[in-house]
Chemist: 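Just dropping this structure here.
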Amino acid sequence: MSAESTPGPGIPDETGNEPRHRVKGRRRKPRKRHKGMMVMAWTAAGIVVLGGAGVGYVYFKLNGNLKSVDIDQALGTDRPKKADNGSENILVLGSDTRAGGNKKIGGGTDDGSARSDTAMIVHVYKGHKSASVVSIPRDTLIDRPSCTDTKGKEYPAANGVMFNSAYSTGGAACAVKTVESITDLRMDHYLEVDFAGFQKLIDDLGGVEVTTTKSIDDPDSHLKLAAGTHRLDGEQALGLVRTRHGVGDGSDLGRIQLQQAFIKALLNQVKDVGVFSNPKKLLDLAETATKTVTADSDLGSVNKLASFADGLKGISPSHMHMVTMPVAYDPDDPNRVLLQKKKAQEIWNALEQDKPIPKSATSGSASGEAKGVVSAP
C-alpha cells in the first residue's frame, strides 16, 4: 500500500496535576465503505527479540518490508513546537484504499485514491506508562489548510470539508498538517495501516475475544453476531470495526465506539497469547506488521520502529483513556458533524500540558449510542 494517495490510561488521576454547502434532509443510509483500523504499533515489538537474537537474514527481510514517508520534509518548519515534557503525540490512520489485497477484501473500485476513515491521536504520557487516545470522526467538517504532499505537490486550502478529505487530497503529510492545525499540537510520529493488513494481524494473533451485549447483523460489513462471547477471526474483526448499521444510531460515531472497545480487547489478547515469548508468533506478527505499517521516516527502520514499539509495551488497557473529539450533528446536514471548539480546546490544552483529559471536555458531545455494545470478556 502506498502511503501517498492523492486526488482521484488508568491515565494520571483526574485530580492530578486536566462558507459550507449543506444538504438538508434525514440521515441517509450510509454508503457501503470498507474500513481499516490501525492496530497499535507496539504489536511490532516482536522485532526487538528477532533483531536481538542476531537473526540477520530475518532482520534484513523485515527491514525491507517497511514503508515510510518523510513528513518533516514535506511540512517544513511551520509547525507546532515539540513538547518538552517527555510526552509524545502519534497520529494513527487507517486507510481504505482499494489497491492490492484491499480490493479483494473490501470490494469496490480501485480508483487510485484512499481515505482515512479511522483517525486517532495517541498521546503517550511522560514515562510511557499511560496514554490517551482521541478519535477524530471522519465526517467532521473542518477548514483544511493548504498543504504539500511528500512528492512536493501543493494543494490549496478548503473550507467546510470533511476531515478525511485531507488524506485523500494530499496524503499523509496533508493529514498531519490538518490535525496540527486543528489541535495546535505537534504530531511526533505518524503510523498507518490498511484493512488487509489489519485482517492478517488479527489472524496472526489467533483471533480476538469480545463480548457483545446485543446482536449485530450488518450485511454491508458482512458481520452477523448473536449477543454473547465470540472469538473473532480477522474477517470478523474487520467487519466489527467497519460496522455501523444496526448498532447505535448508525453513524460513524457509533462505529468509533465499537473500534475503541475492540482496541482494548485486542490489547488484552496480545498480552494473553504471549507474543513477546512465542518465537513463531513473534516472527509471523513481525512479518505482517512490517508489511502492513507505514511510518514516518523517523520510525522507518526495524531498529527504530522496534525501539519505539518496545517503549509502549507498558501501556495496558487499564492505563489507556479513549475518547472521541467532541462534536455535534450538523443541523443542516445530519450526515456531518461539527467540532465543538471550546470543548475540544480543553482536550488539546490537557494533552499539551501532559495532563488527563477532563470529563467536561466530552460531556454533551454526540456519541453514536453504541457504547457498551462490545467489550473484552
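If you read the sequence from its start, that first residue is 1, and numbering goes on from there.
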Chemist: Between E287 and K291, does any side-chain N to carboxylate O distance fall below 4.0 Å?
Modeler: yes
Chemist: Below 4.5 Å, heavy atoms only, C-beta onward: do V241 and L258 meet side chain to side chain?
Modeler: no
Chemist: Answer yes or no: is there a side-chain heavy-atom contact under 4.5 Å between S360 and K343?
Modeler: no
Chemist: At what distance, to the nearest 0.5 angstrom, does CD of Q259 lie from OG1 of T118?
Modeler: 4.0 Å
Chemist: About how many Å separate CG of L91 and CG of L185, when rounded to the nearest 0.5 Å?
Modeler: 11.5 Å
Chemist: So how far is it from D70 CG to D296 CG, rounded to the nearest 0.5 Å?
Modeler: 8.5 Å
Chemist: State, with a plain yes or no, whether a side-chain heavy atom of L266 is found less than 4.5 Å away from one of I202.
Modeler: yes
Chemist: For the residue pair L351 and S132, what are the closest heavy atoms and their distance?
Modeler: CD2-CB, 4.2 Å
Chemist: Given side chains that start at C-beta, do those of L253 and T324 come closer than 4.5 Å, heavy atoms only?
Modeler: yes
Chemist: Got a donor-acceptor contact below 3.5 angstrom from the D149 side chain to the K153 backbone?
Modeler: yes
Chemist: Check side chain to side chain donor-acceptor pair (under 3.5 Å) between D298 and all other residues, then give those that pass, not counting sequence neighbours.
Modeler: none
Chemist: Please step through side-chain contact (heavy atoms from CB on, under 4.5 Å) for the pair F163 and L141, ending with a clear verdict.
Modeler: CA-CA 6 Å; F163 168 77; L141 294 176; over 6 Å; no
Chemist: What's the verdict on side-chain contact (heavy atoms from CB on, under 4.5 Å) for I71 and S297, showing C-alpha distance, side-chain angles and the deciding distance?
Modeler: CA-CA 7 Å; I71 301 293; S297 54; over 6 Å; no
Chemist: Would you say the side chain of R138 lies within less than 4.5 Å of the side chain of R255, judging by non-hydrogen atoms?
Modeler: yes
Chemist: Checking T362 now: which residues fulfil side chain to side chain contact (heavy atoms under 4.5 Å, CB included) with it, not counting sequence neighbours?
Modeler: V323, I347
Chemist: With sequence neighbours excluded, what pairs up with E369 under the side chain to side chain contact (heavy atoms under 4.5 Å, CB included) test?
Modeler: D249, S367
Chemist: For the residue pair I263 and V133, establish whether any side-chain heavy-atom pair is separated by less than 4.5 Å.
Modeler: no
Chemist: Which pairs with one or both residues in residues 170-185 pass side chain to side chain donor-acceptor pair (under 3.5 Å), sequence neighbours excluded?
Modeler: R79-E180
Chemist: Applying salt bridge (charged side-chain N to carboxylate O under 4.0 Å, His left out), name anything that partners D188, two or more places apart in sequence or on another chain.
Modeler: K82
Chemist: If the test is side chain to side chain contact (heavy atoms under 4.5 Å, CB included), which one of L75, I121, I90 qualifies with M187?
Modeler: I121
Chemist: Return the set of residues passing ring-ring contact (aromatic ring centres under 6.0 Å, His included) with H189 (not counting sequence neighbours), or none when no residue passes.
Modeler: F308
Chemist: Work out which heavy atom in S135 is nearest to a heavy atom in M120; give both atom names and the distance.
Modeler: OG-CG, 3.8 Å
Chemist: Given side-chain contact (heavy atoms from CB on, under 4.5 Å), test K304 with S307 step by step and report yes or no.
Modeler: CA-CA 5 Å; K304 291 178 179 178; S307 178; 5.9 Å; no
Chemist: As an exercise, state the distance from OG of S95 to OH of Y167, rounded to the nearest 0.5 Å.
Modeler: 4.5 Å
Chemist: Is any side-chain heavy atom of I256 closer than 4.5 Å to a side-chain heavy atom of P137?
Modeler: yes
Chemist: Suppose we screen for side chain to side chain donor-acceptor pair (under 3.5 Å). Which residues come up paired with T211, at least two apart in sequence or across chains?
Modeler: T229
Chemist: Are N349 and Q353 linked by a side-chain donor-acceptor pair shorter than 3.5 Å?
Modeler: no
Chemist: What do the steps show when you test V208 against F262 for side-chain contact (heavy atoms from CB on, under 4.5 Å), and what is the final call?
Modeler: CA-CA 9 Å; V208 176; F262 183 83; 4.0 Å; yes
Chemist: Can you name the side chain to side chain contact (heavy atoms under 4.5 Å, CB included) partners of S365, sequence neighbours left out?
Modeler: P326, V327, Q340
Chemist: Tell me whether D354 contacts the main-chain N or O of G86 through its side chain, where contact means a donor paired with an acceptor under 3.5 Å.
Modeler: no
Chemist: Report the residues that fulfil side chain to side chain donor-acceptor pair (under 3.5 Å) with T148, sequence neighbours left out, ordered by chain and then residue number.
Modeler: none
Chemist: Can you see which heavy atom on Y329 is nearest to which on A366, and at what distance?
Modeler: CE1-CB, 4.0 Å
Chemist: Rounded to the nearest 0.5 Å, what separation is found between the NE2 atom of H230 and the OG1 atom of T212?
Modeler: 3.5 Å
Chemist: Got a sec, which pairs hit disulfide (SG to SG under 2.5 Å) with one end in residues 141-170, sequence neighbours left out?
Modeler: C147-C174
Chemist: Going by atom types only, do R144 and S165 share a side-chain donor-acceptor pair under 3.5 Å?
Modeler: yes
Chemist: May I have all residue pairs that pass salt bridge (charged side-chain N to carboxylate O under 4.0 Å, His left out) and include part of residues 207-218, sequence neighbours excluded?
Modeler: E209-R231
Chemist: Looking only at non-hydrogen atoms, find the nearest pair between I136 and M325 and report the distance.
Modeler: CG2-CE, 3.8 Å
Chemist: Is the backbone N or O of A227 less than 3.5 Å from a side-chain atom of T213, with the two atoms forming a donor-acceptor pair by type?
Modeler: no
Chemist: Among all residues two or more places apart in sequence or in another chain, which pass the side chain to side chain contact (heavy atoms under 4.5 Å, CB included) test with D204?
Modeler: K200, D284, T288
Chemist: Quick check: closest heavy atoms across T150 and A173, and the distance to 0.1 Å?
Modeler: CG2-CB, 4.2 Å
Chemist: Mark yes or no for whether R186, through its side chain, and P80, through its backbone, hold a donor-acceptor pair below 3.5 Å.
Modeler: yes
Chemist: When rounded to the nearest 0.5 angstrom, what distance separates CD in E235 from CG in D203?
Modeler: 9.0 Å
Chemist: At their closest point, which heavy atom of T292 faces which heavy atom of F198, and how far apart are they?
Modeler: CG2-N, 4.3 Å
Chemist: Going by heavy atoms in the side chains, are V92 and Y190 under 4.5 Å from each other?
Modeler: no
Chemist: Counting distance only, does the side-chain N/O of R242 pair as donor-acceptor with the main-chain N or O of D220 below 3.5 Å?
Modeler: yes
